[in-house]
Peer 1: 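Just passing along the structure, written as structure tokens.
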2 protein chains.
Amino acid sequence: MAPSSTIPIGELSRLTGCNIETIRYYERIGILPVPVRYGRFRRYDSAGVRRLSFVRRARELGFPLDTVRTLLLLAEGGGQSCDQARQMAESQLADVIAKRADLDRMAAVLGDLVEACGAGDAGGCALLEALSD
Amino acid sequence: MAPSSTIPIGELSRLTGCNIETIRYYERIGILPVPVRYGRFRRYDSAGVRRLSFVRRARELGFPLDTVRTLLLLAEGGGQSCDQARQMAESQLADVIAKRADLDRMAAVLGDLVEACGAGDAGGCALLEALSD
DNA sequence: CTTGCATCTGTAGTCGCTACAGATGGTAGG
DNA sequence: CCTACCATCTGTAGCGACTACAGATGCAAG
């Protein structure tokens, strides 16, 4: 009998919004620890829920899994970890800003192309011609 | 003897800024046609250069390779293709705008986190705490 | 003759999942 | 008691778009 203070993987999935397959994947690659089992079934306690929530939040900010690993260690370790955490966040922020700039450029060009195409002249598609140069 | 009007893959790579391995990859998956060979060596003519340039430009706008395939067909076909091309560009634009919004949100949160961390209080890292919730 | 260069083929790795196939066990309904 | 369904299990393969080898080949220059 599993203690009522632990939950099966399906409920962890519901609580965190994280796909079951993804949870098992995280376990496989060592992002989540191998959980206690009752029979064949994984059971998670509140620490497990907290850990996966942490991972999800970090992933939503775009941190790669390797960085998430480090962030988890820092969060556990406490103490001197603030500097390192800030560095990772800054680098991630720079990354995000760079990607946004890329998307800005794409959006501008795509907008122009769509417009050019809309103002269609006889000869051919301005959009396709622009891609053909 | 290869005619001087054709170029080897290395020069195609230099001309288009596309990695040699990527060119061969495009050939393998049918984005680029199997080129003429002199001996073992691929040779490309100006049509080949134009085609790969088209692909690169489309990729820079974020079009997935499957869409690029279609765009290539449309560009070849000419004629009635403008509508379809515009639809693809519009859908790609919507995609880019959605992704940009995601990045905006991430940047905002990351910025806050970095700042919170900078204003470091004694107890612990505000950044890591925010991730831990 | 050796060194270096460009090219070749084929395969496997990257990242972060996602999607199966096929097994297992428990509960609920007929 | 049998069947159906449900959640879970393991293991493997696929996605997209490359990238990175390893190991072979052939040619030209020093």
Side-chain angles (χ1 to χ4, degrees), chain A residues 1-2 6-32 34-44 48 52 54-72 91-92 95-96 99 102-103 106, chain B residues 1-2 4 6-32 34-44 48 52 54-72 88 91-92 95-96 99 102-103 106:
Chain A
M1 197 65 188
T6 68
I7 53 170
I9 197 169
E11 204 174 327
L12 179 62
S13 168
R14 255 165 271 128
L15 282 177
T16 58
C18 187
N19 201 314
I20 289 181
E21 324 259 42
T22 306
I23 296 172
R24 288 198 281 251
Y25 168 70
Y26 285 164
E27 180 185 327
R28 216 161 52 238
I29 65 170
I31 289 280
L32 299 181
V34 174
V36 172
R37 295 203 179 209
Y38 290 88
R40 323 174 280 146
F41 300 123
R42 294 165 177 85
R43 304 286 313 193
Y44 299 89
L52 182 52
F54 184 104
V55 172
R56 293 237 85 202
R57 275 189 289 269
R59 289 290 303 131
E60 271 162 26
L61 296 175
F63 286 105
L65 283 176
D66 253 20
T67 306
V68 175
R69 239 185 269 269
T70 308
L71 289 172
L72 281 165
S91 140
Q92 175 59 16
D95 228 76
V96 165
K99 276 186 188 135
D102 282 351
L103 291 178
M106 292 184 203
Chain B
M1 195 63 189
S4 60
T6 68
I7 55 170
I9 197 169
E11 204 174 327
L12 179 62
S13 169
R14 256 165 272 129
L15 282 176
T16 58
C18 186
N19 200 315
I20 290 181
E21 324 259 41
T22 306
I23 296 171
R24 288 198 280 251
Y25 167 70
Y26 284 165
E27 181 186 326
R28 216 160 51 237
I29 65 168
I31 290 280
L32 299 181
V34 174
V36 174
R37 295 204 180 208
Y38 290 88
R40 322 174 282 148
F41 300 125
R42 293 166 177 85
R43 304 287 312 193
Y44 299 88
L52 181 52
F54 184 104
V55 173
R56 292 237 87 202
R57 274 190 290 270
R59 288 292 301 131
E60 272 162 24
L61 296 175
F63 287 106
L65 283 175
D66 252 23
T67 306
V68 174
R69 240 185 267 269
T70 308
L71 288 173
L72 281 165
M88 302 184 107
S91 140
Q92 174 59 18
D95 228 75
V96 164
K99 276 185 188 137
D102 282 349
L103 291 178
M106 291 183 203

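Keep in mind it's a predicted model, so treat the numbers as computed, not measured. Note on naming: letters A, B, ... go to the chains in the order of the sequence lines (proteins, then strands), and numbering restarts at 1 for each one. Computed from heavy atoms alone, side chains included, the values below leave out hydrogens, waters and symmetry copies.
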Peer 1: Nearest whole angstrom, please: distance from the P of D:dG16 to the CG of B:N19.
Peer 2: 20 Å

Peer 1: Could you state the atom-to-atom distance from OH of A:Y38 to P of D:dC9 in whole Å?
Peer 2: 14 Å

Peer 1: Heavy-atom distance under 4.5 Å between the side chains of A:Y44 and A:P8, does that happen here?
Peer 2: no

Peer 1: Can you list the steps and then say if A:R24 with A:E21 is a salt bridge (Lys or Arg N to Asp or Glu O under 4.0 Å)?
Peer 2: CA-CA 5 Å; A:R24 288 198 281 251; A:E21 324 259 42; 3.6 Å; yes

Peer 1: Have a look at A:R24 and say if it touches a base, only the backbone sugar-phosphate, or nothing, with a 4.0 Å heavy-atom cut-off.
Peer 2: base

Peer 1: Does D:dT10 have OP1 or OP2 sitting under 4.0 Å from an N or O in the side chain of A:R42?
Peer 2: yes

Peer 1: Could you check whether B:I9 gets within reach of a base, just the sugar-phosphate, or nothing at all, counting any heavy atom under 4.0 Å?
Peer 2: sugar-phosphate

Peer 1: Below 4.5 Å, heavy atoms only, C-beta onward: do A:Y25 and A:L65 meet side chain to side chain?
Peer 2: yes

Peer 1: Starting from the 5' end of DNA chain D, give me the residue, B:E21 or B:F63, whose nearest nucleotide shows up first.
Peer 2: B:F63

Peer 1: From OH of A:Y26 over to P of C:dT18, roughly how many Å is that when rounded to an integer?
Peer 2: 8 Å

Peer 1: So which nucleotide from D:dT25, D:dA17, D:dA7 ends up closest to the side chain of A:R40?
Peer 2: D:dA7

Peer 1: Rounded to whole angstrom units, what separation is found between the CD atom of A:Q92 and the P atom of C:dC15?
Peer 2: 15 Å

Peer 1: Is A:R59 close enough to C:dC17 that one of its side-chain N or O atoms is under 4.0 Å from OP1 or OP2 there?
Peer 2: yes

Peer 1: When you compare the side chain of A:V68 with that of A:L72, does any pair of heavy atoms fall below 4.5 Å?
Peer 2: yes

Peer 1: Verify the contact: side-chain N or O of A:R28 to OP1 or OP2 of C:dG16, cut-off strictly under 4.0 Å; return yes or no.
Peer 2: no

Peer 1: Which whole-number value in Å describes the distance from A:D66 CG to C:dT14 P?
Peer 2: 11 Å

Peer 1: Using a 4.0 Å heavy-atom cut-off, does A:I20 contact any base of the nucleic acid, only the sugar-phosphate backbone, or nothing at all?
Peer 2: sugar-phosphate

Peer 1: In whole Å, what is the span from the CD atom of B:E11 to the C1' atom of C:dA6?
Peer 2: 13 Å

Peer 1: Looking at side-chain heavy atoms only, is the closest gap between A:I23 and A:R42 below 4.5 Å?
Peer 2: no

Peer 1: Rounded to the nearest Å, what distance is computed from the OH atom of residue B:Y25 to the P atom of nucleotide C:dT9?
Peer 2: 17 Å

Peer 1: Toward the 5' end of DNA chain C, which comes first, A:T22 or A:F41, by nearest nucleotide?
Peer 2: A:T22

Peer 1: What's the CD1-C1' distance between A:I23 and C:dT18, to the nearest Å?
Peer 2: 14 Å

